[in-house]
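Here's the structure we're looking at; comments come further down.
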Number of protein chains: 2
Amino acid sequence: MPKDAATTRDRIVAAASKLFYGHGIRAVSVDDVAARAGLTKRTLYYHFRSKDDLIAAYLAARDEPTIVIVMGWMDAAKGTLADKIEAVFAQLARLGRHPKWRGCGFLRTAAELVTTPGHPALKAGAAHKKKLEAEFAGRFAQAGLDAPAMRARQVMLLFDGAFSAMLTHRDASYAEAAGQAAMELVRDERPRAKRRT
Amino acid sequence: MPKDAATTRDRIVAAASKLFYGHGIRAVSVDDVAARAGLTKRTLYYHFRSKDDLIAAYLAARDEPTIVIVMGWMDAAKGTLADKIEAVFAQLARLGRHPKWRGCGFLRTAAELVTTPGHPALKAGAAHKKKLEAEFAGRFAQAGLDAPAMRARQVMLLFDGAFSAMLTHRDASYAEAAGQAAMELVRDERPRAKRRT
DNA sequence: CAAAGTATACTGACTAGTGAGTGTACGCAA
DNA sequence: TTGCGTACACTCACTAGTCAGTATACTTTG
């Protein structure tokens with residue numbers, strides 16, 4: 001493997017990431033990506049078979065880092081499980097206030113590509129969300145929360161709902177409202193809750 | 001006003017609705033819409049100034065009917081407030097299982113058009129979600145629920161989260177999970193809840 | 001009441017530009 | 001001297017929007 005191959009490929013993915021996330025998949029042309037990466041389209045096509053491949057690579061590159069960030073928020077927060085969950089949503093709100101924030105790249109890509117069911121980028125997006133849910137579930141179980149899998153799913157629903165609402169209203173306080181709801185669901189002292197992990 | 005003007009315009013909007021919802025805004029050309037409406041592109045441009053106008057008309061036409069449907073689900077359901085909310089999410093799940101279901105048109109349009117901040121379609125989408133939230137809040141208040149506005153917002157977050165998760169995973173059971181969470185938030189017997197409507 | 005004028009609703013053919021993807025040639029390292 | 005990585009120049013399909021003109025129906029006027 002030539003030493004610069006990975007570098008060039010990575011430079012292309014980085015350029016694609018910036019542009020796809022910032023402007024949307026369909027709004028960005030392969031020429032745009034190549035130009036931003038500082039090379040010609042032909043070179044890009046040497047490293048990627050098609051635009052679809054590039055889209056998949058864009059999401060694949062986002063998967064792990066995103067999970068590390070979100071779980072980092074949670075693990076860094078002090079206090080009870082509810083406090084930690086509130087912190088996650090508070091951080092999400094902080095992100096949402098950044099001028100360059102454009103929602104969740106996975107969700108937006110899913111919205112753009114609904115009509116191409118088998119698309120690898122869609123699979124990558126679904127896998128990513130499942131992984132995040134599993135990370136929550138693991139931590140909930142460890143904390144001894146009742147029905148950790150169910151709670152993790154509900155928190156994920158609020159998480160994605162917060163993304164959608166922040167994007168729709170351009171108002172980060174929705175993430176905080178979602179955080180309050182998530183805290184209550186995770187508090188584990190509600191009358192209906194049954195024991196058993 | 002000539003008697004057929006409204007009919008043709010409506011036919012165009014109906015065609016746009018089918019195509020924009022089914023395939024996405026950018027994936028559908030003005031020619032596609034015209035062809036499906038059974039007229040030429042030039043005629044379409046006689047009725048709409050631009051594609052952006054057409055997109056806005058598509059969402060405007062979806063606003064009221066959608067609200068009527070969702071609130072119809074709620075009002076038709078028997079039982080407590082929690083039962084009614086559960087019914088809403090159950091109906092959403094039912095919708096999500098339909099093969100032609102492609103998520104929430106408002107959310108998907110918002111995702112596609114993030115980069116054009118002033119777009120009328122985005123305003124229409126935000127207004128629609130706010131209206132739906134207000135309808136929930138009104139019913140929650142009438143039922144005597146604590147903090148109805150906050151609960152309505154949380155239910156909306158779960159609603160949008162359900163849309164996103166169903167789209168991502170192509171699994172309608174996420175709506176049911178969201179419904180369970182919404183029920184708990186609306187049950188009004190949790191220890192932390194303070195009185196006052 | 002008939003002729004002329006005017007607004008409405010529509011069309012086929014076009015422009016100017018952009019899209020993804022390719023054929024081929026050139027430089028350079030092993 | 002082979003083959004990897006890169007570039008220029010190209011194809012062909014498609015896209016939003018426009019030009020110039022037509023058919024029909026309603027309104028005005030002599």
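Atom set for the values below is all heavy atoms of this structure, side chains included, hydrogens, waters and symmetry mates excluded.
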Phosphate OP1/OP2 of [N]: any [X] side-chain N/O under 4.0 Å:
X     : N      : value
A:H47 : D:dT6  : yes
B:T8  : C:dC10 : yes
B:T40 : C:dT11 : yes

Euclidean distance, atom [atom1] of residue [X] to atom [atom2] of [N] [Å, nearest integer]:
X     : N      : atom1 : atom2 : answer
B:L39 : C:dT8  : CG    : C1'   : 15 Å
A:L54 : C:dG19 : CG    : C1'   : 15 Å
A:L44 : C:dG19 : CG    : P     : 14 Å
B:D53 : D:dA16 : CG    : P     : 14 Å

According to side-chain hydrogen bond (donor to acceptor under 3.5 Å, both in side chains), does anything in residues 33-43 of chain A pair up with another residue at least two apart or in another chain? List the pairs.
A:D31-A:K41, A:T40-A:T43
Residues which pass side-chain contact (heavy atoms from CB on, under 4.5 Å) with [X], listed by chain and number, not counting sequence neighbours:
X      : result
A:A56  : A:P120
B:K130 : A:H169, A:Y174, B:R153
A:L95  : A:W73, A:W101
A:A181 : A:L158, B:Q154, B:L185

Quick one: does A:V70's side chain get under 4.5 Å of A:F159's, heavy atoms only?
yes
Taking only the side-chain heavy atoms of A:Y46 (C-beta and beyond), determine which of D:dG17, D:dT6, C:dA9 contains the nearest atom.
D:dT6
N/O donor-acceptor pairs under 3.5 Å from side chains in residues 160-168 of chain A, not counting sequence neighbours:
from	atom 1	to	atom 2	distance (Å)
A:D160	OD1	A:K129	NZ	2.9
A:S164	OG	A:D160	O	3.1
A:S164	OG	B:S164	OG	2.9
A:T168	OG1	A:S164	O	2.8

Each nucleotide N or O in nucleotides 18-21 of chain D that has a protein N or O under 3.5 Å away: list the pair and distance.
from	atom 1	to	atom 2	distance (Å)
D:dC19	N4	B:R42	NE	2.3

Indicate yes or no: does A:D75 engage A:R139 in a salt bridge with an N to O separation below 4.0 Å.
yes
Looking at DNA chain C, which of residues 14-35 of chain A put a heavy atom within less than 4.0 Å of it?
A:V28, A:S29, A:V30
Name each donor-acceptor pair under 3.5 Å that joins a side chain in residues 83-94 of chain B to protein atoms two or more places apart or in another chain, with its distance.
from	atom 1	to	atom 2	distance (Å)
B:D83	OD2	B:T80	N	3.0
B:D83	OD2	B:T80	OG1	3.2
B:K84	NZ	B:M74	O	3.4
B:K84	NZ	B:A77	O	3.0
B:E86	OE2	B:Q180	NE2	3.0
B:Q91	OE1	B:R94	NE	2.8
B:Q91	OE1	B:R94	NH2	2.7

